[in-house]
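Take a look at the structure below.
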Amino acid sequence: MIIPMGDLLAKAKKEGYGVPAPNCFNRESIEACFLAAKELHAPVILDVAYVHGLEECGAIARFYEHKYPEIPVALNLDHGRDFKSAILAIRSGFSSVMVDRSEKPYAENVSEVKEIVKIAHTLGVSVEAELGHVGQGYEYEQTRDAGLTHPDEAAGFVEETEIDCLAVAVGTSHGQYKGTPHIDFDRLSQIAKRVSLPLVLHGGSGTGDENLAKSIHSGIQKVNLFTDLSMAGMRAMDQGLHGATSNVGDGEFACKNLSDAINAGMIGYREKLMHYMKLFGAEGRW
């Protein structure tokens, strides 16, 4: 069942676990998420970027919702940069939209987020926004401290915008890190004390299991993931293509054609996602 992300994360916050939010981009990746959630009885958030086709991915997600109605799923627009993408996501059946104005001045961020919140909430759709700014891993050493979220500012932002969950910048970066990840857990704990809403961590890939597990215990309910899942998928595909089958899935799997190669990649993607479901304490939550 596709439900508002705010509802899914409110349960996670109450019970003290985290929900992985993998980036999905086609039928195979969306199916992999549903299958992982089904096997582990875990909730999952499907994060879809505008560039990957909101209408197409929305229709695919709704197909699998009907096929697996028992699975609690949120369908979320990831990093919605403009008004158009948010409205298209809502029209395409998304249960949540992220309004990303994190690179704009505080007042503009608040104003543009409030505009989407008013529309989304009228239609029963949740809204995620970001305060502070999570940068890119390739420039981590230069930008890590530039956009960290201020705890007191976060409390005011949540009150002004009436969002359903807040993405915070506490030391992670998108993509592969150039440097060693350093999470400001003191800052995260301060934000969690001041903000009653579920908190979101962008840039989960490459951050390390220990850091991510500690982040969940420190107040994070949603962790965005893509690079780790993508790399696991590519490794599994490479193993299948080269006949090194022992580490692909539960049994032997050799690629004979393009369909096999894609399937091998999705096995790796799904297994890595299941690893994070277990790490975040999401297993067995429904």
Side-chain angles (χ1 to χ4, degrees), residues 1-15 17-49 52-78 89-98 123-126 128 164-165 198 200 204 221-226 228-230 232-233 236-237 248-251 253 259-260 262-286:
M1 179 188 303
I2 293 178
I3 62 176
M5 191 167 72
D7 295 346
L8 190 152
L9 292 179
K11 182 177 184 294
K13 183 175 179 66
K14 181 180 179 180
E15 298 181 13
Y17 62 90
V19 182
N23 274 118
C24 303
F25 46 89
N26 60 5
R27 183 195 70 78
E28 288 81 6
S29 58
I30 291 172
E31 181 186 37
C33 293
F34 272 88
L35 292 176
K38 183 176 186 291
E39 182 168 343
L40 295 184
H41 289 266
V44 68
I45 296 166
L46 311 180
D47 264 357
V48 180
H52 291 138
L54 302 184
E55 293 171 294
E56 297 91 328
C57 287
I60 294 167
R62 292 292 173 177
F63 169 82
Y64 282 105
E65 175 193 26
H66 293 303
K67 188 171 183 178
Y68 303 110
E70 72 277 14
I71 301 173
V73 176
L75 179 58
N76 180 55
L77 167 65
D78 190 29
I90 293 171
R91 291 182 60 185
S92 300
F94 281 57
S95 64
S96 177
V97 293
M98 181 193 179
L123 300 170
V125 174
S126 299
E128 172 189 342
D164 300 283
C165 55
V200 179
Q221 278 76 50
K222 174 187 179 227
V223 179
N224 286 26
L225 300 159
F226 180 58
D228 281 355
L229 307 182
S230 176
M237 183 182 293
V248 182
D250 295 327
F253 190 96
S259 177
D260 286 343
I262 293 171
N263 288 338
M266 285 301 110
I267 290 172
Y269 175 104
R270 185 174 78 237
E271 290 184 345
K272 191 66 173 180
L273 174 57
M274 290 169 63
H275 164 79
Y276 283 122
M277 287 175 168
K278 295 174 182 177
L279 180 69
F280 300 163
E283 182 178 10
R285 296 293 179 171
W286 59 266

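In this structure, the separation between CD on Glu28 and OG on Ser259 is 8.0 Å, given to the nearest 0.5 Å. Note: Ile3 CD1 to Ile71 CD1 = 12.0 Å, rounded to the nearest 0.5 Å. One distance of note links CG of Leu8 with CD1 of Ile2; it measures 11.5 Å at 0.5 Å rounding. Rounding to the nearest 0.5 Å places CG of Leu229 at 8.0 Å from NZ of Lys272. With values rounded to the nearest 0.5 angstrom, Asn224 atom CG is found 5.5 Å from Asp78 atom CG. To the nearest 0.5 Å, the span separating OG on Ser29 from CD1 on Ile262 amounts to 11.0 Å.
Contact record, Ser92 with Leu54: CB-O, 3.7 Å, taken as the closest heavy-atom pair. Across all non-hydrogen atoms, the minimal contact from Met277 to Pro20 is CG-CG, 3.6 Å. Nearest approach of Val125 to Val97, heavy atoms of both residues: CG1-N, 4.1 Å. Closest of all the heavy-atom pairs between Val19 and Ala12 is CG2-CB, 4.0 Å. Of all the heavy atoms in Ala36 and Met274, the pair that sits closest is CB-CG, 3.5 Å. Annotation for Ala37 and Val44: closest pair CB-CG1, 4.1 Å, computed over non-hydrogen atoms.
Environment of NZ in Lys38: sparse, with no more than 12 heavy atoms of neighbouring residues, nucleotides or ligands closer than 6.0 Å. A 6.0 Å sphere centred on CZ of Arg91 holds no more than 12 heavy atoms belonging to other residues, nucleotides or ligands. Other residues, nucleotides and ligands contribute only 12 or fewer heavy atoms inside 6.0 Å of the CD atom of Glu55.
Not one N or O on the side chain of Arg270 forms a donor-acceptor pair closer than 3.5 Å with the backbone of Leu35.
Looking only at side-chain heavy atoms (C-beta outward), Ile45 and Met5 come within less than 4.5 Å of each other. Taking 4.5 Å as the limit, some side-chain heavy atom of Leu75 sits within range of a side-chain heavy atom of Ser95. Using a 4.5 Å heavy-atom cutoff, the side chains of Val48 and Phe94 are in contact.
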Task: side chain to side chain contact (heavy atoms under 4.5 Å, CB included) evaluation trace for Arg285 with Glu15 - done: CA-CA 9 Å; Arg285 296 293 179 171; Glu15 298 181 13; 3.3 Å; yes
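The side chain to side chain donor-acceptor pair (under 3.5 Å) test applied to Ser126 returns no partner, not counting sequence neighbours. Take Phe280 and apply the ring pair (Phe, Tyr, Trp, His ring centres under 6.0 Å) test, not counting sequence neighbours, and it matches Tyr276. For Phe34, the ring pair (Phe, Tyr, Trp, His ring centres under 6.0 Å) partners two or more places apart in sequence, or in a different chain, are Tyr64.
Of the candidates Asn76, Asp47, Asp7, Asn76 is the only one forming a side chain to side chain donor-acceptor pair (under 3.5 Å) with Ser96.
Between His52 and Phe25, the ring-plane angle classifies as tilted under the 30° and 60° cut-offs. Classified by interplanar angle (parallel below 30°, tilted 30° to 60°, perpendicular above 60°), the ring pair Trp286/His41 is tilted.
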